[in-house]
Structure formats: C-alpha cells, structure tokens
Enquirer: 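Got a structure here, written out as structure tokens. Questions coming.
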Amino acid sequence: MAQEKNFGDHQDFQKAEFQENFNSEDLDAANLKPSPEKPLRKREPIKHLLIGSPKAVTSTIHFLQMIGYANVGDWSPPQSTGNPDEVMSILIRQISVL
C-alpha cells in the first residue's frame with residue numbers, strides 16, 4: 001500500500017528547498033535593476049491552477065503564503081469545477097525570465 005504524506009509533513013525542508021530554487025527577487029520584475037552582471041530580463045505571466053477538495057486547495061494557498069510565494073488574497077476565490085467536492089483557484093504572477 002502506498003504511503004500518503006500529509007501536506008504539513010517536512011515543511012521546514014520544503015520551505016528550504018523552495019527558497020533554494022526560487023529567489024523572490026527574481027520573481028518580482030519591479031525589483032530588478034540593470035547591472036553589468038545581470039542581463040536584462042523580460043516579464044512573462046505564469047498561471048498557477050489549484051484543483052482539489054476545498055480543504056486541499058485552501059491548505060495549499062496558505063502554505064504558499066507561509067513560504068512567502070503568494071499572499072492568500074492574490075488567489076481567485078475557489079470556484080466549483082462541477083465535480084463533487086472539487087474546487088479550483090488560480091493565481092497569475094508576472095515573473096522575470098531571461
């Protein structure tokens with residue numbers, strides 16, 4: 001039988017791994033300052049779509065706020081997908097890309 005992980009398990013490890021891979025300064029083009037060391041980056045939208053039970057979607061949104069990725073208020077209100085006990089929420093961010 002496959003072992004199921006709880007969302008909150010290993011949060012410190014998950015947070016450290018996330019921060020290692022995603023620098024918040026790189027995600028916010030407003031903070032970019034042209035320098036000889038960094039090439040000019042362009043902004044591009046990225047869409048995050050969460051689909052699941054209301055509890056799973058809400059827990060994920062709160063976790064992403066806890067690790068500093070997105071505020072709870074940045075997400076759309078949960079909308080029904082038409083499937084029983086399933087909702088979706090979307091977040092659109094502008095990120096910097098090379």
Side-chain angles (χ1 to χ4, degrees):
M1 177 159 86
Q3 191 176 39
E4 187 175 315
K5 285 187 175 183
N6 289 329
F7 186 77
D9 290 351
H10 311 293
Q11 286 183 347
D12 290 336
F13 173 76
Q14 292 170 342
K15 184 175 180 180
E17 183 179 358
F18 178 85
Q19 288 175 332
E20 180 180 307
N21 293 318
F22 296 96
N23 183 342
S24 63
E25 291 176 5
D26 290 339
L27 296 174
D28 186 2
N31 289 333
L32 291 177
K33 296 176 184 134
S35 72
E37 298 166 8
K38 285 187 177 180
L40 187 60
R41 298 176 181 205
K42 68 177 189 167
R43 295 178 64 186
E44 183 176 308
I46 186 163
K47 299 173 186 174
H48 303 282
L49 181 61
L50 298 175
I51 301 174
S53 71
K55 185 175 183 175
V57 169
T58 301
S59 294
T60 302
I61 289 170
H62 284 94
F63 176 74
L64 291 171
Q65 177 170 305
M66 183 187 77
I67 64 172
Y69 184 72
N71 293 322
V72 170
D74 295 342
W75 290 86
S76 70
Q79 301 290 316
S80 174
T81 64
N83 294 329
D85 196 36
E86 187 177 77
V87 297
M88 64 180 172
S89 183
I90 190 167
L91 167 71
I92 303 174
R93 303 268 318 250
Q94 295 289 326
I95 63 167
S96 300
V97 293
L98 291 175

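A quick note: this is a predicted structure, and the numbers were derived from the prediction, not measured. Position 1 is the first residue of the sequence; numbering continues from there.
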Enquirer: Rounded at 0.5 Å granularity, tell me how far OG1 in Thr60 sits from CG in Leu50.
Expert: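 Thr60 atom OG1 to Leu50 atom CG measures 5.5 Å (nearest 0.5 Å).
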Enquirer: Would you say Ile51 and Val57 are hydrophobically clustered, going by side-chain heavy atoms of ILVMFWY under 4.5 Å?
Expert: no
Enquirer: Of the non-hydrogen atoms in His62 and Val72, which two are nearest, and what is the gap between them?
Expert: CD2-CG2, 3.7 Å
Enquirer: Taking ring pair (Phe, Tyr, Trp, His ring centres under 6.0 Å) as the test, write out the residues that go with His48, two or more places apart.
Expert: Tyr69
Enquirer: How many angstroms lie between NZ in Lys42 and CD in Gln94, if you round to the nearest 0.5 Å?
Expert: 11.5 Å
Enquirer: Taking only distance into account, with no hydrogens and no angle test, what donor-acceptor pairs under 3.5 Å do side-chain atoms of residues 82-91 form with protein atoms, sequence neighbours excluded?
Expert:
from: Asn83; atom 1: ND2; to: Glu86; atom 2: OE1; distance (Å): 2.8
from: Glu86; atom 1: OE1; to: Thr81; atom 2: OG1; distance (Å): 2.7
from: Ser89; atom 1: OG; to: Ser76; atom 2: O; distance (Å): 2.6
from: Ser89; atom 1: OG; to: Ser76; atom 2: OG; distance (Å): 3.4

Enquirer: Taking atom CG of Leu49 and atom CH2 of Trp75, what is their separation to the nearest 0.5 Å?
Expert: 8.0 Å
